[in-house]
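Just below is one structure, and these are the notes that go with it.
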Amino acid sequence: MVFLGIITAPRGTADILPADARRWHELEEAARAVFDAYGYGEIRTPIFEHTELFQRGIGEATDVVDKEMYTFMDRGDRSLTLRPEGTAGVVRAVLEHNMDKGALPVKLYYMGPMFRYERPQAGRARQFHQVGAECLGTMDPAADAEMIRMPATLLKRVGVTNFEVLINSIGCPRCRPAYVERLRAHLADRREQLCASCRERYDRNPLRLLDCKRESCRRLTEDVPQLVDSLCDGCASHFQQVRAYLDDFGLPYRLAPRLVRGLDYYTKTVFELVSSDLGAQDALGGGGRYDGLVETLGGPPMPGVGFAAGMERILLVMAKYRPAPAPKPVDAMIAHHGAAGRRIAVRLAGEWRDAGLRVEIDYMDRSLRAQMKQADRLGARLVVIIGEDEASRGVVRVRDMATGEEREMRAEEVFQSLMQKGG
RNA sequence: GUGGGUGUAGCUCAGCUGGUCAGAGCGCCAGGUUGUGGCCCUGGAGGUCGUGGGUUCAAGUCCCAUCACUCACCCCA
């Protein structure tokens with residue numbers, strides 16, 4: 001396929017062609033409607049940031065920062081990184097524009113491309129898109145509950161109902177260290193039996209031991225103490241309240257004691273929305289509370305909670321349940337023949353388009369027959385025919401494509417009737 | 001980074017055990033209708049059989065390498 005010349009899109013990236021773009025629009029519109037209802041405003045942050053933002057925000061020990069970032073030096077010797085997630089950039093912008101000093105909470109949403117250097121597979125790409133929201137400045141468990149409800153609502157809006165909500169609480173800096181020590185102590189004597197990556201996790205990031213998929217590790221950690229049983233009073237109470245709100249919403253969820261998430265900034269509530277319609281990468285979205293992140297990024301102590309969902313993944317599931325939206329039918333195809341006819345056709349097309357009509361015209365010097373075929377393909381409601389004869393007599397011939405009826409009219413009359421029907 | 005699968009026209013794919021295997025359907029273009037759509041009929045354009053080596057008298061068809069796609073591990077959205 002590729003020999004001399006043609007260059008393909010880089011690995012893990014994809015073009016979104018018009019037929020797919022229509023699906024994207026559906027999702028984007030649904031998302032904006034949901035965020036709007038919840039009072040979230042859109043924020044658009046840069047696609048690249050200082051590398052340090054992610055190192056500090058996401059955490060050096062995470063896989064994302066450790067081995068998945070697209071990092072490069074620019075011509076001014078700055079280390080920059082294509083954003084691997086959205087939260088760090090949003091928090092940075094909030095601080096940079098002093099939004100933390102205004103009315104709280106700050107409620108923002110975003111959607112756009114993210115970049116992670118990984119091996120592509122079903123539902124995973126190097127450039128992918130996330131839609132997400134952040135709520136900064138409140139500890140209210142209702143904010144956590146809403147942050148779970150928003151993506152759930154969005155999914156339902158676009159016809160995705162086959163998903164499950166998983167939630168857990170991973171505690172806070174007051175109670176988590178103690179738990180981690182209990183966990184280590186519990187596993188100390190069987191440490192050597194863990195898989196290689198779990199042996200490393202034991203030192204670096206013990207919480208991740210909990211979600212190893214390996215059967216052998218599962219067995220070894222089966223009787224390990226549960227995080228939820230080790231929460232401090234504050235975290236336990238917070239988690240209870242979040243669950244109560246979810247119950248009030250009538251939003252079913254499953255407690256997932258081993259759900260921990262791969263980014264360092266999470267505290268208390270963490271959650272994922274997973275679907276069996278996806279492949280091995282089964283998360284449609286996820287998120288949680290991050291009460292230490294703002295401070296980590298140089299701001300004041302300020303709690304926050306957010307979620308992010310993978311747009312391609314949602315689209316993948318959407319496609320299973322919904323037909324692709326058809327392109328909008330054109331209002332009129334202006335078919336022409338001869339030099340005089342073409343001049344009039346081009347002028348009319350321009351004028352009608354200015355008025356908001358969808359008008360097509362032939363540029364290939366095709367026969368009337370071919371132009372009719374084209375009109376049919378485009379779903380044109382009517383075809384306006386302007387040949388030598390019509391041109392010289394100052395009229396146009398109008399064919400109704402549904403009924404096949406045809407008659408002569410003045411161009412202005414056709415325009416008026418199109419405008420009436422179009423509303 | 002590690003493993004498995006796949007790679008033939010724009011698209012979906014046939015091509016068995018190496019020797020008319022370079023094909024079909026759809027799509028596209030044109031004609032049947034010297035100014036008229038959807039159906040139908042006819043014709044046409046379009047392919048270094050991913051790429052590079054090798055084995056062989058002969059290779060889409062076997063071997064090796066490489067690239068790409070894909071699925072899984074890992075990790076997550």
Side-chain angles (χ1 to χ4, degrees), chain A residues 1-4 6-14 17 19 58 62-68 83-87 111-132 151 195-198 200-201 205 208 211-214 259-263 270-275 278-287 306-317 333 335-338 341 362 364 366-391 397-406:
Chain A
M1 183 176 180
V2 183
F3 41 110
L4 234 69
I6 142 163
I7 294 167
T8 56
R11 170 160 230 203
T13 68
L17 305 179
I58 301 170
T62 60
D63 281 18
V64 169
V65 171
D66 194 38
K67 53 188 192 196
E68 295 174 2
R83 62 184 190 191
E85 58 97 51
T87 304
M111 51 180 99
M114 306 293 165
F115 306 84
R116 258 120 98 157
Y117 189 89
E118 297 185 276
R119 284 287 285 267
Q121 73 182 74
R124 195 172 74 183
R126 291 183 172 179
Q127 176 175 171
F128 60 102
H129 297 74
Q130 286 188 337
V131 52
C195 72
S197 52
C198 277
E200 201 192 320
R201 286 173 183 143
N205 197 350
R208 296 217 62 85
D211 69 348
C212 184
K213 284 177 193 160
R214 232 175 256 273
L259 177 65
V260 295
R261 318 263 315 146
L263 298 125
V270 294
F271 60 90
E272 265 178 27
L273 287 73
V274 299
S275 173
L278 255 21
Q281 310 305 316
D282 65 352
L284 286 164
F307 87 87
M311 298 179 78
E312 285 85 351
R313 291 187 185 176
I314 296 175
L315 259 358
L316 227 44
V317 180
M333 166 95 188
H336 54 83
H337 182 70
D362 172 68
M364 306 298 285
R366 282 200 245 268
S367 67
L368 183 58
R369 177 188 216 234
Q371 294 184 63
M372 295 298 295
K373 263 185 102 152
Q374 177 69 0
D376 191 59
R377 260 195 299 250
L378 295 169
R381 286 193 256 273
L382 37 93
V383 174
V384 175
I385 301 162
I386 309 172
E388 314 277 10
D389 179 45
E390 290 83 0
R397 198 162 175 75
V398 181
R399 181 183 180 86
D400 183 310
M401 292 298 274
T403 64
E405 259 178 82
E406 240 175 67

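A, B, ... follow the sequence lines: proteins, then strands. Residue 1 opens every chain.
The distance from atom CG of Asp362(A) to atom P of rA30(B) is 9 Å, rounded to the nearest whole Å. Summarising the geometry, the separation between CG on Asp282(A) and C1' on rC73(B) is reported as 15 Å, rounded to the nearest angstrom. Asp389(A) has its CG atom 10 Å from the C1' atom of rG35(B), to the nearest Å. As a whole-Å value, the separation of Glu118(A) CD from rA72(B) P is 13 Å. One can place NZ of Lys373(A) at 8 Å from P of rA30(B), the figure rounded to the nearest angstrom. Remark: P of rA77(B) and CG of Leu284(A) are 12 Å apart, rounded to the nearest angstrom. Following rounding to the nearest Å, Arg119(A) (CZ) and rA72(B) (P) show an atom-to-atom distance of 13 Å. Atom CZ of Arg369(A) and atom P of rG35(B) are 12 Å apart (whole Å).
With both ends at atom P, the span from rG4(B) to rA65(B) equals 11 Å, rounded to whole Å. rG43(B) and rG50(B) have their C1' atoms separated by 32 Å, with the value rounded to a whole Å. Nucleotides rU2(B) and rC21(B) place their P atoms 42 Å apart, quoted to the nearest Å. rG10(B) and rA45(B) have their P atoms separated by 15 Å, with the value rounded to a whole Å. Rounded to whole Å, the separation between the C1' atoms of rG35(B) and rC69(B) comes to 48 Å. A distance of about 16 Å separates the C1' atoms of rU12(B) and rC28(B), rounded to the whole Å. Comparing rC16(B) with rG23(B), their P atoms sit 15 Å apart, to the nearest whole Å. Rounded to the nearest Å, the gap between the P atom of rG7(B) and that of rU17(B) is 13 Å.
Looking at heavy-atom distances under 4.0 Å, Ala9(A) makes no contact with the nucleic acid at all. Arg366(A) comes within 4.0 angstrom of sugar-phosphate atoms only, judged by non-hydrogen atoms across all strands, and of no base. Residue Gly123(A) is classed as a base contact, given a heavy-atom separation below 4.0 Å to a base. Using a 4.0 Å heavy-atom criterion, one finds that Gln127(A) contacts no nucleic acid atom at all. Nucleic acid contact for Arg124(A): base, since at least one base atom lies under 4.0 Å from a heavy atom of the residue. Base engagement by Arg11(A) is indicated by at least one non-hydrogen atom pair under 4.0 Å involving a base atom. Residue Ala308(A) is classed as a sugar-phosphate contact, given heavy-atom separations below 4.0 Å to backbone atoms only. Residue Ile385(A) is in base contact, counting any heavy-atom pair closer than 4.0 Å across all strands shown.
Between the side chain of Arg399(A) and the base of rG35(B), no donor-acceptor pair under 3.5 Å is found. Between the side chain of Gln371(A) and the base of rU36(B), no donor-acceptor pair under 3.5 Å is found. Counting atom types as modelled, Glu68(A) pairs no side-chain N or O with a base atom of rG1(B) as donor and acceptor under 3.5 Å. The base of rC74(B) sits within donor-acceptor range of the side chain of Gln121(A), with an N or O pair under 3.5 Å.
Side-chain contact between Arg126(A) and Tyr117(A) is present, with heavy atoms from C-beta onward closer than 4.5 Å. Using a 4.5 Å heavy-atom threshold, the side chains of Met401(A) and Met333(A) count as separate. His337(A) places none of its side-chain heavy atoms less than 4.5 Å from the side chain of Leu368(A). Counting heavy atoms from C-beta outward, Arg119(A) and Arg124(A) have side chains that approach closer than 4.5 Å.
For rC28(B), the OP1/OP2 oxygens have a side-chain nitrogen or oxygen of Arg377(A) closer than 4.0 Å.
Of the nucleotides present, none pairs with rU17(B) by Watson-Crick or G-U wobble criteria with both distances under 3.5 Å. Summarising the base pairing, rG3(B) is matched to rC71(B) through a Watson-Crick or G-U wobble pair whose two defining distances lie under 3.5 Å. Using N1 to N3 plus N6-O4 or O6-N4 for Watson-Crick, or N1-O2 and O6-N3 for G-U wobble, each under 3.5 Å, rC49(B) pairs with nothing. Remark: rA9(B) base-pairs with no nucleotide in the shown strands. Criterion, Watson-Crick or G-U wobble with two distances under 3.5 Å. rU36(B) is unpaired under the Watson-Crick or G-U wobble criterion, no partner having all donor-acceptor distances under 3.5 Å. Judged by Watson-Crick or G-U wobble contacts below 3.5 Å, the nucleotide rC28(B) has rG44(B) as its partner.
Closest to the side chain of Ser367(A), out of rG35(B), rA77(B), rG31(B), is rG31(B). When distances are taken from the side chain of Arg397(A) to each of rC74(B), rG35(B), rU70(B), the shortest belongs to rG35(B). Checking rG37(B), rA77(B), rU36(B) against every side-chain atom of Met401(A), the shortest atom distance belongs to rG37(B). When distances run from any side-chain atom of Leu263(A) to the nucleotides rU36(B), rG37(B), rA77(B), the shortest one goes to rA77(B). Proximity note for Gln281(A) (side chain, C-beta onward) versus rG1(B), rG35(B), rC74(B): the nearest is rC74(B). The nucleotide whose nearest atom lies closest to any side-chain atom of Met372(A) is, among rG37(B), rG35(B), rA77(B), rG37(B).
A donor atom on one side chain and an acceptor atom on the other are found under 3.5 Å apart for His129(A) and Glu312(A).
Of the residues listed (Val383(A), Ile385(A), Asp389(A), Ile386(A)), the one engaging Arg397(A) in a side-chain contact (heavy atoms from CB on, under 4.5 Å) is Ile385(A), and it is the only one.
Without hydrogens or angle criteria, Glu118(A) side chain to Glu68(A) main chain gives no donor-acceptor distance under 3.5 Å.
In rG44(B) the base sits anti relative to the sugar, since the glycosidic angle is further than 90° from 0.
Residue Asp376(A) is the one, among Asp376(A) and Asp63(A), whose nearest nucleotide of RNA chain B lies closer to the 5' end (criterion: closest heavy atom). Toward the 5′ end of RNA chain B lies the nearest nucleotide of Glu405(A), the other residue of the pair Glu405(A) and His129(A) mapping further downstream.
By the 4.0 Å N-to-carboxylate-O rule, Arg116(A) lies too far from Glu85(A) to be salt-bridged with it.
Closest non-hydrogen pair, Phe307(A) versus Pro151(A), comes out as CE1-CB, 3.7 Å.
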